[in-house]
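These numbers come from the heavy atoms of this one structure, side chains and all, not from hydrogens, waters or symmetry mates. Counting from 1, the numbers follow the sequence of the chain as shown.
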Amino acid sequence: FETMRAQNGRVFRLESHMRRLLRSAQALRLPITSGAMPGGAVFEQLLTRSALRSARVRLTATTGTVFSGEGAGSGPTLCITADDLIEYPRELYEKGATVMISRRPQSSTDPLAGHKTTCYLPRLLALQEARMAQCGEALFFDESNHLAEGAVSNVFIVKQGTLLTPPLSTPVLPGIARALVLDLARE
């Protein structure tokens, strides 16, 4: 799946989201091609009909039916939903967030590592544990004890004026906002 931000009828970095979803589909052997992906007009129509100016849009892809033979589905199922965007509290930007370290390591051998899938339970459990500890996020380390990412975020550190983030060779999601932050930092 891809969760995207939309403003005034347009999805932010839609092409980047579609490329990432196609990369994940290929890696996870989902029969999805670029020709099956919805274009910007589909998202604009959904946002217009929903009367949402600031929205959270989610594209979920499945393999379609699990049955084969006569009458079976002909391919993947794509579902797009849109909801009001719930902004993070302003205080989070001004004061930051408290984080905790998840007790579960992120495994580089997990075939789902680096992909957004609906198998999100480990992340949700880590986030739930963080909230119970009055933290806003749980950080995952890999099996070599290197920082990987947050349960629902990429991680950046500024050290002596240098912006650091775990490399994509670490089991991390190649975040769209992560790429934007790196582009802006280079500029």
Side-chain angles (χ1 to χ4, degrees), residues 1-28 34 37 39-40 43-44 47 53-59 82-102 104-117 120 122-124 126-127 130-131 133-187:
F1 73 91
E2 286 290 321
T3 303
M4 303 162 275
R5 182 179 181 143
Q7 194 72 34
N8 298 321
R10 306 217 20 132
V11 175
F12 179 72
R13 294 205 165 190
L14 178 62
E15 299 79 18
S16 296
H17 283 283
M18 296 300 102
R19 279 193 304 274
R20 183 171 66 184
L21 190 131
L22 283 170
R23 181 188 65 80
S24 289
Q26 182 180 25
L28 300 173
S34 60
M37 299 302 287
F43 291 95
E44 290 173 19
L47 293 164
R53 293 186 47 78
S54 187
R56 174 187 172 269
V57 179
R58 180 171 166 151
L59 171 61
D83 297 312
D84 282 319
L85 178 70
I86 298 173
E87 303 261 350
Y88 287 111
R90 182 165 210 74
E91 181 179 279
L92 185 65
Y93 296 100
E94 294 169 355
K95 295 183 179 177
T98 302
V99 300
M100 66 173 279
I101 297 171
S102 173
R104 296 175 190 87
Q106 189 148 316
S107 173
S108 60
T109 62
D110 180 353
L112 303 179
H115 305 287
K116 280 184 142 180
T117 73
Y120 227 57
R123 293 174 178 283
L124 294 176
L127 198 56
R131 301 259 161 85
Q134 299 182 3
C135 296
E137 175 64 298
L139 297 179
F140 287 102
F141 283 70
D142 66 15
E143 58 272 287
S144 299
N145 209 29
H146 292 108
L147 179 61
E149 63 188 344
V152 293
S153 61
N154 289 119
V155 176
F156 291 90
I157 296 170
V158 177
K159 183 176 179 181
Q160 298 176 346
T162 301
L163 182 67
L164 304 169
T165 190
L168 293 180
S169 59
T170 309
V172 300
L173 181 73
I176 305 303
R178 176 188 185 278
L180 175 63
V181 169
L182 292 173
D183 287 346
L184 293 172
R186 281 185 204 98
E187 288 179 18

>> Quick one, T162 with L164, criterion side-chain contact (heavy atoms from CB on, under 4.5 Å). Give me CA distance, side-chain angles, the key distance, then yes/no.
In response: CA-CA 6 Å; T162 301; L164 304 169; 3.9 Å; yes
Can you tell if the side chain of [X] reaches within under 4.5 Å of the side chain of [Y], non-hydrogen atoms only?
X    : Y    : answer
S24  : K116 : no
Q134 : M100 : no
C135 : T98  : yes
I176 : R5   : no
L182 : R186 : yes
D83  : R58  : no
L139 : E149 : no
V172 : D142 : no

Check for a donor-acceptor pair, side chain of [X] on one end and backbone N or O of [Y] on the other, with a separation under 3.5 Å.
X    : Y    : result
E137 : A130 : no
R123 : G150 : yes
S144 : H146 : no
Q7   : F12  : no

Shortest non-hydrogen contact between [X] and [Y], atoms and distance:
X    : Y    : answer
G175 : N154 : CA-OD1, 3.3 Å
G114 : P174 : O-CD, 3.3 Å
T117 : F1   : O-CE2, 3.0 Å
S102 : F140 : OG-CE2, 3.4 Å
G9   : E44  : O-CG, 3.0 Å
V155 : L147 : CG1-CD2, 3.5 Å

Looking at [X], I want to see if its [atom1] is surrounded by more than 12 non-hydrogen atoms of other residues, nucleotides or ligands under 6.0 Å.
X   : atom1 : answer
R53 : CZ    : no
R23 : CZ    : yes
I86 : CD1   : no

To the nearest 0.5 Å, what is the distance between [atom1] ([X]) and [atom2] ([Y])?
X   : Y   : atom1 : atom2 : result
M18 : E2  : CE    : CD    : 6.0 Å
Q26 : S34 : CD    : OG    : 11.0 Å
L85 : R56 : CG    : CZ    : 9.0 Å
M37 : E15 : CE    : CD    : 11.5 Å

